[in-house]
Amino acid sequence: MPEPQQNPHFDDPGHTAVAATGAGGAANLAMAEGETLEKAPGGPDGAGPAGKPRSLWSDAWRDLRRNPVFILSALVILFLIVISVWPSMIASGNPQSCDLAKAQQGSQPGHPFGFNGQGCDVYTRTVYGARASVTVGVCATLGVALLGSVLGGLAGFFGGAWDAVLSRLTDVFFGIPVVLGGLVLLSVITSSTVWPVVGFMVLLGWPQISRIARGSVITAKQNDYVQAARALGASSSRMLLRHIAPNAVAPVIVVATIALGTYISLEATLSFLGVGLKPPTVSWGIDISSASPYIRNAPHMLLWPAGALAITVLAFIMLGDAVRDALDPKLR
């Protein structure tokens, strides 16, 4: 009898199972290749190094780094923060130094933005005005996010009477018009610092974050990993801090980032109306208010602080939109 022809891949372990068992060997080979892909560093798109699945935050950071909107807005915000901390880096003058002989004059050498109605350098005041506006926006956002997250998270986790009281309290605050409330509350305060304005924004701004944090915590505490932790005897504080809070904080971050630009524009609005920041504090809202009567004769007095305010608010809103797109799995 003729000797059977030997398989050229007989000595290859990767092909022996296929030659000997047909379809079953092919399935085993596919499983082996799947395990190899899992163990390969920097695996497929859903896995990170050493085959570990990416978390929501690592996926979000990867998407943000590839988003030109995020990069552009982050660069603008970084520049604003730098000039807020060190305005003398790009403006060597004194924002309080004025010369009435130069009032309402246009651009001159060394004074590219011209002068305002008091003869102060518009460029220097525009640069120094970023400090007050950014400080108000950042501090108000941090206060609102912290207070709203704590109150809303506790209400969503424990429920019951605490949840009912907080829900009715937020309804009351939602019924207060923000600008009208500012006119009433801030008109009796004579301080020229930023803290009364920050406190007012925290007082009227926390209900929005509270509602979002409450709904996010209610959704997160129904997940299987929270029920498993509860069944294993985990305490309420451990479940809330270790399991629920990290998975419920994403919507709060998105809303707070977008609201930061809103608080900056609100500060400018209140300062324009005369109840926000007050002189000698340098603020874009104060400069816009003082320049509005001269908009026909000297439009440059209004153009530059208003333009700086618009760019700042737009940058924070764009940043919030980019963060929302990165953290929302439904938009992937």
Side-chain angles (χ1 to χ4, degrees), residues 27-28 30-65 141-171 173-174 202 205-260 320 322-332:
N28 292 335
M31 292 176 61
E33 290 178 348
E35 293 176 357
T36 304
L37 286 175
E38 278 189 347
K39 297 178 181 179
D45 195 31
K52 295 181 179 179
R54 288 193 182 97
S55 65
L56 172 65
W57 302 104
S58 60
D59 275 342
W61 175 239
R62 182 195 60 181
D63 293 341
L64 288 174
R65 288 181 298 176
T141 302
L142 291 177
V144 166
L146 181 60
L147 181 61
S149 298
V150 171
L151 295 179
L154 292 176
F157 183 76
F158 292 105
W162 174 260
D163 189 16
V165 171
L166 184 69
S167 298
R168 301 293 75 79
L169 187 61
T170 55
D171 291 339
F173 277 93
F174 275 128
V202 173
W206 69 268
Q208 180 186 17
I209 298 293
S210 177
R211 284 279 180 91
I212 295 173
R214 173 184 174 274
S216 185
V217 168
I218 290 176
T219 302
K221 75 176 185 179
Q222 297 174 356
N223 292 329
D224 293 338
Y225 56 86
V226 177
Q227 302 301 327
R230 189 189 304 273
L232 291 173
S235 62
S236 298
S237 59
R238 180 179 178 84
M239 286 189 295
L240 186 59
L241 297 177
R242 294 291 300 273
H243 300 289
I244 296 178
N247 295 282
V249 73
V252 175
I253 293 176
V254 173
V255 175
T257 306
I258 298 176
L260 202 157
V323 173
R324 179 200 60 194
D325 295 343
L327 291 177
D328 192 351
K330 300 178 181 178
L331 299 178
R332 297 183 181 278

Pairwise side-chain contact, Ser167 with Arg214, heavy-atom cut-off 4.5 Å (strictly under):
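They are in side-chain contact.
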When you compare the side chain of Phe158 with that of Asp163, does any pair of heavy atoms fall below 4.5 Å?
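No, their side chains stay 4.5 Å or more apart.
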Is Arg211 salt-bridged to Asp171, going by a charged N under 4.0 Å from an acidic O?
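Judged by the 4.0 Å cut-off on N to carboxylate O distance, Arg211 and Asp171 do form a salt bridge.
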Hey, what do you get for CG (Leu169) to CG (Leu151), rounding to the nearest 0.5 Å?
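One finds 8.5 Å between CG of Leu169 and CG of Leu151.
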For residues [X] and [Y], report the shortest heavy-atom separation together with the two atoms involved.
X: Ile253; Y: Thr257; answer: O-OG1, 2.6 Å
X: Ile258; Y: Gly320; answer: CG1-CA, 3.5 Å
X: Ala322; Y: Leu64; answer: O-CD2, 3.5 Å
X: Ile244; Y: Ala220; answer: CG2-CB, 4.0 Å
X: Phe173; Y: Pro207; answer: CB-CG, 3.4 Å
X: Ser149; Y: Ala145; answer: OG-O, 2.5 Å

For the side chain of Ser216 and the backbone of Ala248, is there at least one donor-acceptor N/O pair under 3.5 Å apart?
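Checked: pair present.
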Would you confirm whether Thr170, through its side chain, and Leu166, through its main-chain N or O, come within 3.5 Å as a donor-acceptor pair?
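Yes, the answer is positive, given that a donor and an acceptor are paired below the 3.5 Å cut-off.
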Ile209 vs Val255, test: side-chain contact (heavy atoms from CB on, under 4.5 Å). Steps then yes/no.
CA-CA 7 Å; Ile209 298 293; Val255 175; 3.7 Å; yes
Which of these passes side-chain contact (heavy atoms from CB on, under 4.5 Å) with Thr141: Leu260, Val202, Leu146?
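The residue from Leu260, Val202, Leu146 that satisfies side-chain contact (heavy atoms from CB on, under 4.5 Å) with Thr141 turns out to be Leu260.
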